[in-house]
Amino acid sequence: MSVNESIQALRLNLTRWSREVSTGDARGTLLYGIAGKAAGGFENLLRDCLLHFLKVSGLAYESELAPTFSGKSLEKLTLGEVVQSLDMVGGKLSRLLGRDLLVRRPHKSRLGEITALRNKLHHHPGDKFAKDEAMLIANTSRLLLLIREELSEPLFQGAAEEKVGEGQRR
């Protein structure tokens, strides 16, 4: 599946999941499932976008980023480390590809909140992510909204449009 297809699939899922949460069709463990799929799908997509931009720009992960993460492979980076990587190479990618791919303050704030919710969901589901059903609904809804907003950022718009081999054409 291409990055563009992954973005479109996640958008469709977010719309469906948001509707299920808002109508009350999703309750209990289904809400945990929705939150988990949304967070996991976003994490995978963000990692794919980083890889995609490295490929189209001609930058090598091994020389640009791996030393910062003690040689850890791109596939092993946490969501927070992928965000950090995009922040680190955003300026260079923007120059090489001729488009704004910088992770700006509102973008960083949203990514930070997504990461925090994802971490609470995976590491503290019953006490920090959702002490009760109302908190579960609120946090799941918030996560879905943040991811949907994030997908409208230039980073994702660029990933949907840029094709491998087209870097530096602008």
Side-chain angles (χ1 to χ4, degrees), residues 1-15 17-18 35-123 128-129 139-170:
M1 185 179 296
S2 72
V3 172
N4 184 38
E5 291 169 333
S6 295
I7 292 169
Q8 296 311 317
L10 185 55
R11 280 189 178 130
L12 287 172
N13 285 332
L14 290 168
T15 299
W17 293 331
S18 294
K37 285 183 179 185
F42 181 74
E43 183 173 358
N44 290 333
L45 177 60
L46 196 61
R47 186 175 286 105
D48 290 346
C49 286
L50 174 58
L51 179 61
H52 176 77
F53 282 124
L54 290 172
K55 282 182 183 177
V56 297
S57 69
L59 297 177
Y61 170 78
E62 293 73 21
S63 60
E64 294 292 326
L65 295 165
T68 302
F69 303 106
S70 303
K72 186 190 284 188
S73 72
L74 178 64
E75 297 77 25
K76 299 282 185 188
L77 295 181
T78 65
L79 177 57
E81 290 169 337
V82 173
V83 170
Q84 184 182 351
S85 296
L86 285 164
D87 190 31
M88 289 171 57
V89 296
K92 195 177 278 190
L93 290 172
S94 294
R95 283 189 303 282
L96 289 170
L97 299 175
R99 64 176 358 147
D100 180 10
L101 298 173
L102 295 176
V103 180
R104 303 203 188 284
R105 189 177 316 256
H107 190 40
K108 278 185 194 178
S109 176
R110 198 168 33 245
L111 287 167
E113 193 173 347
I114 291 168
T115 301
L117 284 168
R118 180 244 176 248
N119 289 344
K120 287 177 185 177
L121 174 67
H122 286 289
H123 303 295
K128 292 187 179 178
F129 187 77
N139 282 342
T140 300
S141 296
R142 181 71 181 154
L143 181 62
L144 296 174
L145 175 67
L146 290 167
I147 293 170
R148 191 170 334 118
E149 288 175 353
E150 194 57 31
L151 293 180
S152 68
E153 285 291 330
L155 178 85
F156 292 97
Q157 298 304 313
E161 297 166 6
E162 195 83 40
K163 305 284 188 252
V164 175
E166 291 184 6
Q168 303 176 337
R169 71 187 189 304
R170 299 176 210 266

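Note that the structure is a prediction, hence the values are computed from the model and not measured. We count residues from 1, following the sequence as given.
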One should read off an interatomic distance between Asp87 CG and Arg104 CZ, to the nearest 0.5 angstrom, of 11.0 Å
Interatomic distance, CG@Leu59 vs CG@Leu65, rounded to 0.5 Å, equals 8.5 Å
| request: Could you please spell out the steps behind the side-chain contact (heavy atoms from CB on, under 4.5 Å) verdict for Trp17 and Thr140? | output: CA-CA 9 Å; Trp17 293 331; Thr140 300; over 6 Å; no
Minimal heavy-atom distance between Val3 and Asp48, with the atoms involved, is CG2-O, 4.2 Å
Between Leu74 and Arg47, the two heavy atoms sitting closest are O-NE, 3.2 Å
When every non-hydrogen atom of Ala39 is compared with those of Ile147, the smallest separation belongs to N-CD1, 4.2 Å
- [ ] For the residue pair Leu96 and Phe53, establish whether any side-chain heavy-atom pair is separated by less than 4.5 Å.
- [x] no
Side-chain contact, heavy-atom cut-off 4.5 Å: Arg118 with His123? yes
Main chain of Arg105, side chain of Ser109: is a donor-acceptor contact present, judged purely on distance under 3.5 Å?
no
**Prompt:** Charged N to carboxylate O below 4.0 Å: is that the case for Glu113 and Arg142?
**Reply:** yes
(request) Verify, without hydrogens or angle tests, whether Ser152 (side chain) and Glu149 (backbone) share a donor-acceptor contact under 3.5 angstrom. (result) yes
Review point. Should Leu50 and Val89 count as side-chain neighbours, where that means a heavy-atom distance under 4.5 Å?
Key: yes
Heavy-atom closest pair (Glu43 atom, Leu77 atom, distance to 0.1 Å) is OE2-O, 4.3 Å
Between Leu151 and Gln157, the two heavy atoms sitting closest are O-NE2, 3.1 Å
- Query: Hey, is NZ on Lys37 packed in by over 12 heavy atoms from elsewhere, all under 6.0 Å?
  - Reply: no
Could you walk me through whether Leu46 and Leu155 pass the side-chain contact (heavy atoms from CB on, under 4.5 Å) test, one step at a time?
-> CA-CA 9 Å; Leu46 196 61; Leu155 178 85; 3.9 Å; yes
To the nearest 0.5 Å, atom CG of Asn44 lies from atom SG of Cys49 at 11.0 Å
Value for CG (Leu111) from CD (Gln84), rounded to nearest 0.5 Å, stands at 12.5 Å
Rounded to the nearest 0.5 angstrom, the NE2-CG distance for His122 and Leu79 is 9.0 Å
Those residues at least two apart in sequence (or on a different chain) that pass side chain to side chain donor-acceptor pair (under 3.5 Å) with Arg11 are none
Quiz item: Side-chain contact, heavy-atom cut-off 4.5 Å: Phe42 with Thr115?
Solution: no
To the nearest 0.5 Å, atom CG of Leu51 lies from atom OG of Ser85 at 11.5 Å
Looking only at heavy atoms, the pair that brings Phe129 and Leu117 closest together is CD1-O, 3.7 Å
